[in-house]
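Step one of this worksheet: look at the structure below.
For ligands, and for the atoms within them, numbers begin at 1 and follow the listed sequence.
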Amino acid sequence: MLIELKDVTKRYGEGELAVTALADVELLVSEGEFVVVLGPSGSGKTTLLNIVGALDTATSGLVRVNGVDITAASRGELFDFRAGTVSFIFQAFNLFPGLTTRENVLFGIDAAGSDSDPDAILESVGLGGKGDRFPHELSGGEQQRVGIARALATGNPIMLCDEPTGELDFQTGVQILELLQEQAGNGRAVLVVTHNREISRMADRVVELSSGRVVSDGPPAGGKAPVAELHW
Ligand code: ADP
Ligand code: MG
């Protein structure tokens, strides 16, 4: 099991102003799984991703990721964990604007201490020959491919994607989702959070959040659909 959350609660603030962002969340994700976390704005999706990625800490509960109990880890263990276990993909791409495509990917390689070939990775996401471009010289879809290339460059087994198609048109969004699904096929665990129910139809498993609670967890209603059948 790559991701294991048991009875996870996250509260922000104290007293009357306290907000419960997650309540008693249970989540299990194994290698090769493409899981969509579905829920409306404010349902706790980003909080959940940040807790899995050790960018935020749970108020209570167990968070074990790739064998590491994050809630009990030392600073040194968390340092290794962030470098070697999880990679984030963001709605707004979050590339370094002053770095070329190749340099953005090299950042991922260096951060993880890997020895991957940046140009081979760019080629694998359909960006062969674009290593010398800067982010502003690329389309939104191409920029998100660089984000995926940077995540792949680390060799990390878990990809955490926060509304990865939120800024893309439908056609480009579908291509990015196919690319992410392919990474699960390669043995990674891919967690995509979205408010778009249509996207959840292509998942192996859909975990639905409502007001911080998991209200359902299972295969998509109607079965897993091919990406070509999605529309939004
Ligand atoms: P989503 O990603 O599904 O839109 P979030 O995880 O961002 O939801 O937020 C879940 C809830 O937690 C919301 O009510 C939000 O306002 C609250 N929240 C998120 N981050 C913080 C924070 N740093 N401080 C206080 N409240 C927060
Ligand atoms: Mg969010």
Side-chain angles (χ1 to χ4, degrees), residues 2-29 33-65 70-71 78 81-82 85-95 140-141 143-144 147-148 150-151 158-170 172-174 176-177 180-181 183 189-218 220-221 230 232:
L2 276 178
I3 303 174
E4 187 180 359
L5 269 59
K6 274 199 160 59
D7 214 12
V8 167
T9 292
K10 174 66 181 181
R11 264 186 300 274
Y12 291 107
E14 301 202 347
E16 283 185 14
L17 297 176
V19 174
T20 302
L22 295 175
D24 309 324
V25 167
E26 311 276 325
L27 178 71
L28 296 174
V29 183
E33 270 196 299
F34 184 84
V35 175
V36 168
V37 176
L38 178 67
S41 176
S43 59
K45 304 183 298 295
T46 296
T47 303
L48 180 63
L49 272 197
N50 288 347
I51 286 176
V52 171
L55 296 182
D56 203 347
T57 51
T59 306
S60 62
L62 172 82
V63 183
R64 190 181 287 131
V65 182
I70 298 185
T71 44
L78 283 179
F81 172 83
R82 293 192 184 102
T85 304
V86 289
S87 298
F88 279 88
I89 294 180
F90 302 97
Q91 175 171 353
F93 321 135
N94 294 18
L95 304 177
Q143 290 185 57
Q144 193 58 298
I148 293 172
R150 186 174 61 189
I158 298 174
M159 294 176 86
L160 302 174
C161 316
D162 198 346
E163 305 270 5
T165 62
E167 303 213 350
L168 304 175
D169 62 80
F170 166 73
T172 311
V174 160
I176 290 297
L177 290 168
L180 290 172
Q181 195 174 46
Q183 305 318 318
V190 180
L191 205 56
V192 171
V193 313
T194 180
H195 64 275
N196 185 343
R197 181 169 297 275
E198 192 66 9
I199 289 176
S200 69
R201 293 179 60 210
M202 66 181 284
D204 298 321
R205 203 144 57 75
V206 186
V207 176
E208 205 165 339
L209 277 183
S210 174
S211 303
R213 288 185 183 274
V214 175
V215 292
S216 66
D217 182 345
L230 309 187
W232 70 81

So, K45 and D162, do they make that salt bridge, N to O below 4.0 Å? no

Sub-3.5 Å donor-acceptor pair from the side chain of Q144 to the main-chain atoms of P164, do we have one? yes

Is there a side-chain contact between D24 and D7 (heavy atoms, below 4.5 Å)? yes

Can you check the number of protein N/O/S atoms within less than 2.8 Å of the Mg ion (ligand 2)? 1

Non-hydrogen atoms closer than 4.0 Å to ligand 1: which protein residues do they belong to? List them by chain and number, please. Y12, V19, A21, P40, S41, G42, S43, G44, K45, T46, T47

Qualifying residue, where the test is side-chain contact (heavy atoms from CB on, under 4.5 Å) with L160 and the options are L48, V190, L191: L191

Enter the distance from E208:CD to R213:CZ here, rounded to the nearest 0.5 Å. 15.0 Å

Test side-chain contact (heavy atoms from CB on, under 4.5 Å), reference L177, set T165, L168, T172, output is T165

Criterion side-chain contact (heavy atoms from CB on, under 4.5 Å) against L209, the qualifying member of V215, V214, L27, D217: V214

For a side-chain contact (heavy atoms from CB on, under 4.5 Å) with I3, tell me which candidate from T85, V29, L28 qualifies. V29

Can you tell me if CZ on R82 sees more than 12 non-hydrogen neighbours from other groups inside 6.0 Å? yes

